[in-house]
Amino acid sequence: MSDSPAGDPETTRGDAAADISDEDAASAYRPTEIEPYWQDYWREHRTYEVDDDDPRPPYYVLCMYPYPSGNAHMGHVRNYTFGDLLTRYRTMQGDAVLSPMGFDSFGLPAENAAIKTGVHPRPYTDERIEMLRGSITRIGGVYDWRREVRSHDPEYIRWTQWIFLKFLEAGLAYRKAAPVNWCPGCQTVLANEQVVDGACERSGDLVERRDLEQWYFRITDYAQQLLDDLEGLDWPDRVVTQQRNWIGRSEGAQFTMAVVDAEGAGHPDGLEFDVFTTRPDTSFGMTFCVLAPEHPLVPLLTADDRREAVEAFVEQARNTSEIDRLSTDRPVGTRGCATGAFARNPFTGQPVPVYLADYVLATYGTGAVMAVPGEDQRDWDFATAFGIPIVETVTRPEGWEGEAYAADGVHKNSGFLDGMDVPTAKAAAIDWLVEEGAGERKVNFRLRDWLLSRQRFWGCPIPVVYCDTDGIVPVPLDQLPVVAPDDVEFTPTGQSPLLSSPEFLHTTCPTCSGPARRETDTMDTFVDSSWYFLRFCDPWSDEAPFRQDRIERWMPVDQYIGGAEHAVLHLMYARFFTKALADLGVAPKELREPFQRLFTQGMIRLAGTKMSKSKGNLVAPEEIIDTLGADTLRLAHLAVKPPEEDVDWEDVGLEGCARFLQRVWRISVPGGEFDAALRDGAETAEDTALLRATHRLVADVTEAFDRWSYHVAVAKFMAYVNELQRSLRSEAGGHRATVEFATDTLLQLLAPACPHMTAELWSRRHDGGHVHEVPWPAADPAMLVEDSVTMVVQVAGKVRDRIEVAADADEATCVAAALASEKVQAHLDGEPRKVIARPPKLVNLVP
RNA sequence: GUCGGAGUGGCGGAAUUGGCAGACGCGCCAGACUAAGGAUCUGGUGCCCGCAAGGGCGUGGGGGUUCAAGUCCCCCCUCCGACACCA
């Protein structure tokens with residue numbers, strides 16, 4: 001290893017190394033000198049590139065590809081440390097590990113920068129990709145860079161557009177006019193998933209409602225599958241629950257209500273509307289019903305003497321912001337309005353008044369509900385405010401003092417349902433509706449179709465044209481990709497900047513060759529990230545987005561790693577894409593889920609708040625890498641906390657980890673402080689103990705890595721090194737073969753976590769060998785069994801003594817040893833009344 | 001409000017099945033080396049009483065099961081997260 005830079009005394013020293021200047025220069029640990037060497041080595045030797053015909057078992061590790069924001073921040077470091085550890089660990093275990101990296105390179109930050117500076121987003125983005133790639137490399141992350149994917153690459157755009165056209169052809173992409181969420185800050189529409197508490201998930205601006213025609217993906221076709229297939233996933237409960245809530249399945253009945261007058265006579269125009277309910281069993285208690293203010297029937301059924309009030313109310317609802325409409329604090333009396341119309345309850349045949357209320361959502365169910373104040377608290381409040389009668393249909397338990405009663409009970413005042421419990425009555429009510437032809441069993445989902453168009457420039461163009469003759473015409477596949485031009489006006493106008501490029505806008509219709517206009521909206525960037533993990537399997541494919549056999553080889557992703565903030569965004573969309581692509585025959589039919597195991601790591605906080613560029617409270621990873629080195633930084637991230645938990649930067653113990661690595665270095669570097677004292681010959685008991693401890697470490701670390709208890713693994717390492725050091729210093733220790741085995745094993749186990757220093761040390765110890773190419777060690781089970789153990793002796797459950805006994809000691813021996821103890825006898829007044837023995841670990845004597 | 005998750009020294013946390021609570025690290029204290037120490041090394045460090053030996057208490061609070069509870073059961077408190085007019 002003559003070309004290792006750490007052996008070169010001419011190289012400038014890092015700050016951290018300055019203090020060990022009294023030691024031999026060649027034997028000092030100088031992370032800043034060895035790390036770049038090994039990073040170059042892994043790249044040049046293609047150590048972590050993996051081919052599709054690799055005979056080893058495939059294993060796909062993936063960290064969510066990052067938005068290229070420039071140099072890596074601590075969140076990236078944490079994320080990629082876990083991913084990189086897994087890549088190296090599984091490789092040492094003999095797998096062909098696919099570990100690709102790419103960049104989610106479309107999006108608003110680059111476009112906002114363009115608005116500010118006038119620089120086109122493309123060079124801005126490319127520059128930041130290079131910065132981030134450099135950072136990731138300096139962390140020590142290793143990837144198969146041949147497979148790199150960038151959302152804004154024309155080749156990638158081509159296939160994103162190709163998939164969109166497939167979806168369009170299959171009816172999974174469609175255009176419709178609907179009320180949509182508009183973010184005034186981002187100057188674009190948003191998907192439902194991107195609105196949190198009435199505000200834009202990105203910018204925090206309150207969203208406005210606009211009626212616009214937009215592009216949608218029919219994700220609701222997959223609602224049931226998206227719900228059902230959550231079962232088989234090895235994902236955090238939190239994320240699964242969030243998806244389940246978001247999909248929001250509810251079972252019930254839908255039935256038709258005829259509009260009538262107060263006497264029950266039908267409406268001259270035969271008006272009727274449907275209502276959805278999860279409690280059809282309570283229908284006999286319906287004393288009114290409620291339409292959403294946006295319900296199309298409102299102007300038609302409103303009585304003349306109520307028209308003015310209704311119009312005013314509808315106007316008020318329109319002008320109330322989403323956030324206010326969702327607020328539960330507003331008095332119920334101001335939230336509704338009588339229409340003067342009536343509708344017939346099919347169960348009783350009686351007319352009930354029709355109201356409007358702003359809490360009934362036009363977008364859920366049928367936009368109309370039946371109201372049963374006796375069994376629904378909201379309806380109770382509304383009825384009380386508007387003086388509407390309340391009928392109880394479920395018998396309350398003894399001593400019940402609440403208002404609306406939502407739990408199980410025996411039905412009353414409910415005609416043919418009387419005497420039934422709630423589940424029975426539900427089924428009976430639905431059966432009756434079906435028999436009468438008045439309604440049906442119905443399942444509703446909260447999930448809405450995915451609004452994908454964005455009025456922005458820096459995204460994937462939607463590949464369709466509008467022709468006066470032929471309408472919406474897809475761009476032919478051989479004309480893809482449709483790439484955004486350079487001559488655009490970025491200043492936000494509320495319309496896509498692409499409109500400002502006449503060259504882009506005006507085109508000819510692929511069908512009739514007449515003049516046509518291009519779609520100027522781009523796709524949500526979540527479209528790009530919904531299939532990138534598939535492209536990684538076959539980034540070279542040029543006849544399809546990917547070839548099926550490559551997908552079959554690598555997919556699904558064995559371990560996906562990223563932030564939990566994508567629970568209902570990326571992680572839902574990617575599942576939808578995978579299922580849709582499989583059903584369209586683009587991906588293998590059997591591929592139902594993209595990510596088998598998901599790990600969501602915690603956030604990094606500083607002084608209690610999230611670290612972010614906008615808060616200006618970043619701790620730059622680069623500064624730490626430039627002083628203490630990447631291995632120390634990685635180890636500190638692993639050690640600080642369980643990986644899934646949020647981390648306060650203050651708790652990250654860099655010093656302890658730096659000290660630990662220095663210690664490992666001194667123990668294992670050839671010519672280090674203990675070398676001279678090593679002896680050959682027979683093993684002592686001390687040596688055997690070290691050998692046992694080493695096997696124990698192999699078992700413990702392997703298990704900790706497998707359960708992602710990295711902080712525990714680091715603790716085991718530290719405890720072991722303390723033990724090793726103690727053994728080396730002791731008179732009886734220092735047997736050469738044992739120590740060499742111990743040290744080599746330590747370096748192997750540490751290699752996934754601290755790749756640079758272990759590579760350097762291994763290379764020096766083994767004549768240029770490579771620790772990451774050595775198979776992962778296995779513990780000898782025989783060495784894990786101790787021949788003597790410390791037995792705990794309790795008196796009345798309190799520990800009174802500890803006695804060494806043989807590991808195979810029987811009950812009689814253990815009890816005899818326990819009774820022989822003076823300390824035990826001092827607490828024992830005569831013979832014990834009861835003896836519980838768990839040989840050889842414990843004896844409990846009860847006086 | 002509903003549903004999850006959690007609560008262990010000064011701090012982060014460990015304890016896989018009910019069986020030695022506090023591994024390991026940080027911090028702190030003492031010592032060694034030293035011209036010096038914000039380097040390195042060694043030892044100590046849950047709380048209370050005690051010179052010590054030793055003893056008592058101790059995993060958010062209260063009750064219970066058990067020879068034995070951080071771990072299991074019931075009630076309560078606090079914190080975090082998700083959902084929150086979805087009919």
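Letters go in sequence order (proteins before strands), and every chain restarts at 1.
- Looking at heavy-atom distances under 4.0 Å, A/E645 makes contact with sugar-phosphate atoms alone, never a base.
- Across the strands present, B/rA6 finds its partner in B/rU78; the criterion is a Watson-Crick or G-U wobble pair with both atom distances under 3.5 angstrom.
- Atoms OH (A/Y720) and P (B/rA14) sit 24 Å apart, rounded to a whole Å.
- Straight-line distance between the P atoms of B/rG22 and B/rA14: roughly 15 Å, to the nearest whole Å.
- At least one side-chain heavy atom of A/L417 sits under 4.5 Å from a side-chain heavy atom of A/F284.
- Among the protein residues, A/N722 comes within range of the sugar-phosphate backbone only, with heavy atoms under 4.0 Å from sugar or phosphate atoms but none that close to a base.
- Residue A/G656 is in sugar-phosphate contact alone, with no base atom involved, counting any heavy-atom pair closer than 4.0 Å across all strands shown.
- Taking only distance into account, the side chain of A/R238 never meets the base of B/rG4 through a donor-acceptor pair shorter than 3.5 Å.
- When the P atom is compared between B/rG58 and B/rU71, the two are found 13 Å apart, to the nearest whole Å.
- In the displayed structure, A/Q224 atom CD is contacted under 6.0 Å by more than 12 heavy atoms of other residues, nucleotides or ligands.
- Taking side-chain N and O atoms only, A/R446 has no distance below 4.0 Å to OP1 or OP2 of B/rC83.
- Nucleotide B/rG13 holds its C1' atom 15 Å from the CG atom of A/L638, rounded to whole Å.
- Nucleic acid contact for A/K841: none, since no nucleic acid atom lies under 4.0 Å from a heavy atom of the residue.
- Atoms CD (A/E655) and P (B/rC28) sit 10 Å apart, rounded to a whole Å.
- Of all nucleotides present, none satisfies the Watson-Crick or G-U wobble test against B/rA14 with each distance under 3.5 Å.
- In this entry B/rC83 has B/rG1 as its Watson-Crick or G-U wobble partner, both defining distances falling under 3.5 Å.
- Here B/rG13 is the nucleotide among B/rG13, B/rC86, B/rC67 with the atom lying nearest to any side-chain atom of A/H711.
- When distances are taken from the side chain of A/P642 to each of B/rA82, B/rG13, B/rA68, the shortest belongs to B/rG13.
- Remark: P of B/rA21 and CG of A/L842 are 10 Å apart, rounded to the nearest angstrom.
- A/V360 comes within contact range of at least one nucleobase, with a heavy-atom separation under 4.0 Å.
- Nearest to the side-chain atoms of A/L361 among the listed nucleotides B/rC20, B/rG54, B/rA87 stands B/rA87.
- Distance noted for atom C1' between B/rG63 and B/rC11: 32 Å (whole Å).
- Nucleotide B/rG22 forms no Watson-Crick or G-U wobble pair with any nucleotide shown, as no partner meets the under 3.5 Å limit on both distances.
- Between B/rG19, B/rU40, B/rG55, one nucleotide has an atom nearer to the side chain of A/R659 than all others, and that is B/rU40.
- Taking syn as a glycosidic angle within 90° of 0, B/rG9 qualifies as syn.
- A/R696 has its CZ atom 18 Å from the P atom of B/rA23, to the nearest Å.
- The nucleotide whose nearest atom lies closest to any side-chain atom of A/A715 is, among B/rG12, B/rC67, B/rA23, B/rA23.
- Checked for salt-bridge contact, A/R238 and A/E644 miss the test: no charged N lies under 4.0 Å from a carboxylate O.
- B/rC29 and B/rA15: their P atoms are spaced 30 Å apart (whole Å).
- With 3.5 Å as the limit, one finds a donor-acceptor pair spanning the side chains of A/N722 and A/R663.
- The base of B/rC67 sits with one of its N or O atoms less than 3.5 Å from a complementary donor or acceptor on the side chain of A/N844.
- Relative to the side chain of A/R800, the nucleotides B/rG55, B/rG19, B/rC67 differ in distance, and B/rG55 lies closest.
- B/rG61 and B/rG70: their C1' atoms are spaced 15 Å apart (whole Å).
- Using a 4.0 Å heavy-atom criterion, one finds that A/A639 contacts no nucleic acid atom at all.
- Using a 4.0 Å cut-off, no side-chain N or O of A/K641 falls inside it from OP1 or OP2 of B/rG12.
- Proximity note for A/S250 (side chain, C-beta onward) versus B/rG19, B/rA87, B/rC83: the nearest is B/rA87.
- Nucleotides B/rU65 and B/rC72 place their C1' atoms 8 Å apart, quoted to the nearest Å.
- The aromatic rings of A/F288 and A/Y355 sit perpendicular, their planes meeting at an angle over 60°, well past the 30° parallel limit.
- The interatomic distance linking A/L230 (CG) with B/rA82 (C1') rounds to 15 Å, in whole Å.
- Between A/F82 and A/Y710, the angle of the ring planes stays under 30°, which puts this pair in the parallel group of the 30/60° scheme.
- For A/L728 and B/rU42, the CG to P distance is 12 Å, given to the nearest whole Å.
- Taking atom C1' in both B/rC26 and B/rG13, the straight-line distance is 11 Å, to the nearest Å.
- Backbone-only engagement by A/T277 is indicated by non-hydrogen atom pairs under 4.0 Å involving sugar-phosphate atoms exclusively.
- Side-chain proximity of A/K798 to B/rC41, B/rC20, B/rC57: nearest is B/rC57.
- Across all strands shown, A/R249 has no heavy atoms under 4.0 Å from either base or sugar-phosphate atoms.
- Nearest nucleotide to the side chain of A/R666, out of B/rC41, B/rG19, B/rC24: B/rC41.
- With RNA chain B read from its 5' end, the first of the two nearest nucleotides for A/V792 and A/K834 is the one closest to A/V792.
- Atom pair A/L291:CG and B/rC86:P shows a separation of 17 Å (rounding to whole Å applied).
- Toward the 5' end of RNA chain B, the nearer of the two residues A/M718 and A/V712, judged by each one's closest nucleotide, is A/V712.
- As rounded to the nearest Å, B/rU66 and B/rG19 have C1' atoms that lie 12 Å from one another.
- Other residues, nucleotides and ligands contribute more than 12 heavy atoms inside 6.0 Å of the NZ atom of A/K641.
- Using modelled atom types, one finds no donor on one side chain facing an acceptor on the other under 3.5 Å when comparing A/R441 with A/Q254.
- Taking only distance into account, the side chain of A/Q242 never meets the base of B/rG81 through a donor-acceptor pair shorter than 3.5 Å.
- Side-chain proximity of A/R707 to the nucleotides B/rC41, B/rG19, B/rA15 is greatest for B/rA15.
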